[in-house]
Amino acid sequence: MEIKLINEPFSILSTFVAELRDVNIQHDPLRFRRNLERIGEIFALEISKTLTYKETDIPTPLGTAKEWLPQEQVVVTSILRAGVPLHNGLLNYLDRAENGFVSAFRKYTDDGEFRIHIEYISAPDLNDKIVIMADPMLATGSSLELAYKAIQANGTPKHVHLVSIVASQEGVEYIQKKLGDEPVTLWLATVDDELNAKSYIVPGLGDAGDLAYGPKL
Ligand SMILES: O=P(O)(O)OC[C@H]1O[C@H](OP(=O)(O)OP(=O)(O)O)[C@H](O)[C@@H]1O
Ligand SMILES: O=c1cc[nH]c(=O)[nH]1
Ligand SMILES: [Mg+2]
């Protein structure tokens with residue numbers, strides 16, 4: 001497994017991440033979702049550089065131009081809920097991609113413990129395709145690991161790009177341990193040092209799903 005941290009060299013990306021984190025800005029849900037989407041667009045551009053390209057004749061009004069076009073079929077998948085705006089951003093650029101969705105959410109018990117529940121998968125045939133799996137938060141890493149394993153039921157992808165915006169160091173190490181031998185690249189915008197007692201990333205940004213879509217029961 002390869003890990004790609006895209007926050008260096010410095011770019012406009014860090015402005016969008018700062019706005020997601022900033023407690024004085026993040027409570028504007030339209031802006032929060034749009035920043036997730038904009039970061040998805042940046043990841044799409046970076047991931048597109050890893051695709052296979054073929055030189056292709058393009059008819060113009062004045063002649064024939066040669067352009068390099070991507071060859072593989074891409075499938076953008078995301079983890080509900082918080083993955084949706086990131087998914088939209090990836091799809092803005094990878095607009096011919098097929099799409100998949102996985103529900104993976106924390107279900108809390110009265111003692112404050114939680115387990116990850118996967119109840120819904122909707123995805124196409126993944127055999128030999130380039131799969132992107134998006135979730136803005138990589139905290140313990142359980143959601144991403146289980147979602148990755150769940151979609152394998154739809155076929156064996158050629159490669160899987162796992163995309164997260166804010167990761168914890170512990171979560172990165174967990175994914176490395178669980179998926180280290182898989183044909184996977186883990187793309188991240190930033191890595192924070194800590195997880196708190198409730199497995200939230202510190203400093204992180206809070207609850208991405210709630211900030212994008214409001215509280216849930
Ligand atoms: O790495 P983990 O410890 O598994 O945590 C990360 C997961 O938690 C969040 O989802 P959440 O359960 O809050 O669902 P939501 O998107 O519906 O709010 C986030 O979007 C990830 O899916
Ligand atoms: O810090 C975290 C951890 C899980 N889910 C979030 O939205 N934020
Ligand atoms: Mg949430």
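If you're wondering where the values come from, they're calculated on a predicted model, not measured in any experiment. Counting starts at 1 for both ligands and their atoms, in listed order.
A salt bridge links Glu72 to Lys158: at least one charged side-chain nitrogen sits closer than 4.0 Å to a carboxylate oxygen. The existence of a salt bridge linking Glu46 and Lys4 is excluded, since no basic side-chain nitrogen approaches an acidic carboxylate oxygen closer than 4.0 Å. A salt bridge links Glu37 to Arg34: one of the charged nitrogens lies within less than 4.0 Å of a carboxylate oxygen. The existence of a salt bridge linking Asp210 and Lys216 is excluded, since no basic side-chain nitrogen approaches an acidic carboxylate oxygen closer than 4.0 Å.
Neither side chain, Gln169 nor Asp193, offers a donor N or O lying under 3.5 Å from an acceptor on the other.
Contact analysis puts Ser142 in contact with ligand 1, with a non-hydrogen atom separation below 4.0 angstrom. A heavy-atom separation below 4.0 Å is not found between Glu145 and ligand 1. Under a 4.0 angstrom heavy-atom cut-off, Gly141 registers as being in contact with ligand 1.
Near Ala208, the atoms of ligand 2 lying under 4.0 angstrom from a non-hydrogen atom of the residue are 6 (C), 7 (O). Taking every heavy atom of Gly209 and a limit of under 4.0 angstrom, the matching atoms of ligand 1 come to 16 (O), 18 (O). Every atom of ligand 1 with a heavy atom of Met137 under 4.0 Å away is listed here by number and element: 6 (C), 19 (C), 21 (C). Of all the atoms in ligand 1, the ones that sit under 4.0 Å from a non-hydrogen atom of Asp135 are 19 (C), 20 (O), 21 (C), 22 (O). Atoms of ligand 2 found under 4.0 Å from any heavy atom of Ile201 (numbered from 1 in listed order, with element): 1 (O), 2 (C). Within the listing of ligand 1, atoms 12 (O) sit less than 4.0 angstrom from a heavy atom of Phe105.
Val76 approaches Leu94 most closely through the heavy-atom pair CG2-CD1, 4.5 Å.
Around atom 6 (C) of ligand 2, the closest heavy atom drawn from Pro136, Gly206, Ala82 belongs to Gly206.
Judged by distance alone, with hydrogens and angles left aside, the side-chain atoms of Ser168 form no donor-acceptor pair with the main-chain N or O of Leu195 at under 3.5 Å. Remark: the backbone N or O of Ala212 is paired with a side-chain donor or acceptor of Arg33 at under 3.5 angstrom. Panel note: side chain Asp192, backbone Gly204; a donor-acceptor pair is recorded below 3.5 Å. In this structure, Thr56 contributes its side chain and Lys54 its backbone to a donor-acceptor pair below 3.5 Å.
Considering both main-chain and side-chain atoms, Thr140 comes within under 3.5 Å of ligand 1 through a nitrogen or oxygen pair. Taking any N or O of Ala139, backbone or side chain, at least one lies under 3.5 Å from an N or O belonging to ligand 1. The N/O atoms of Ser199, backbone and side chain alike, include none that comes under 3.5 Å of an N/O atom in ligand 1. The shortest N or O to N or O distance between Gly209 and ligand 2 is not under 3.5 Å. The shortest N or O to N or O distance between Tyr200 and ligand 1 is not under 3.5 Å. Taking distance alone, with nitrogen or oxygen atoms compared against 3.5 Å, Ala82 approaches ligand 1 more closely than that limit. The distance criterion of under 3.5 Å between nitrogen or oxygen atoms is not met by Met137 with respect to ligand 2.
The closest side-chain heavy-atom distance from Glu145 to Tyr174 is below 4.5 Å.
Taking the six-membered ring for Trp, His87 and Phe101 have ring centres closer than 6.0 Å.
Of the heavy atoms in Ala139, only side-chain atoms (C-beta onward) come closer than 4.0 Å to ligand 2. Contacts between Ile116 and ligand 1 below 4.0 angstrom, taking non-hydrogen atoms only, involve the side chain exclusively. Of the heavy atoms in Ser199, only backbone atoms (N, CA, C, O) come closer than 4.0 Å to ligand 2.
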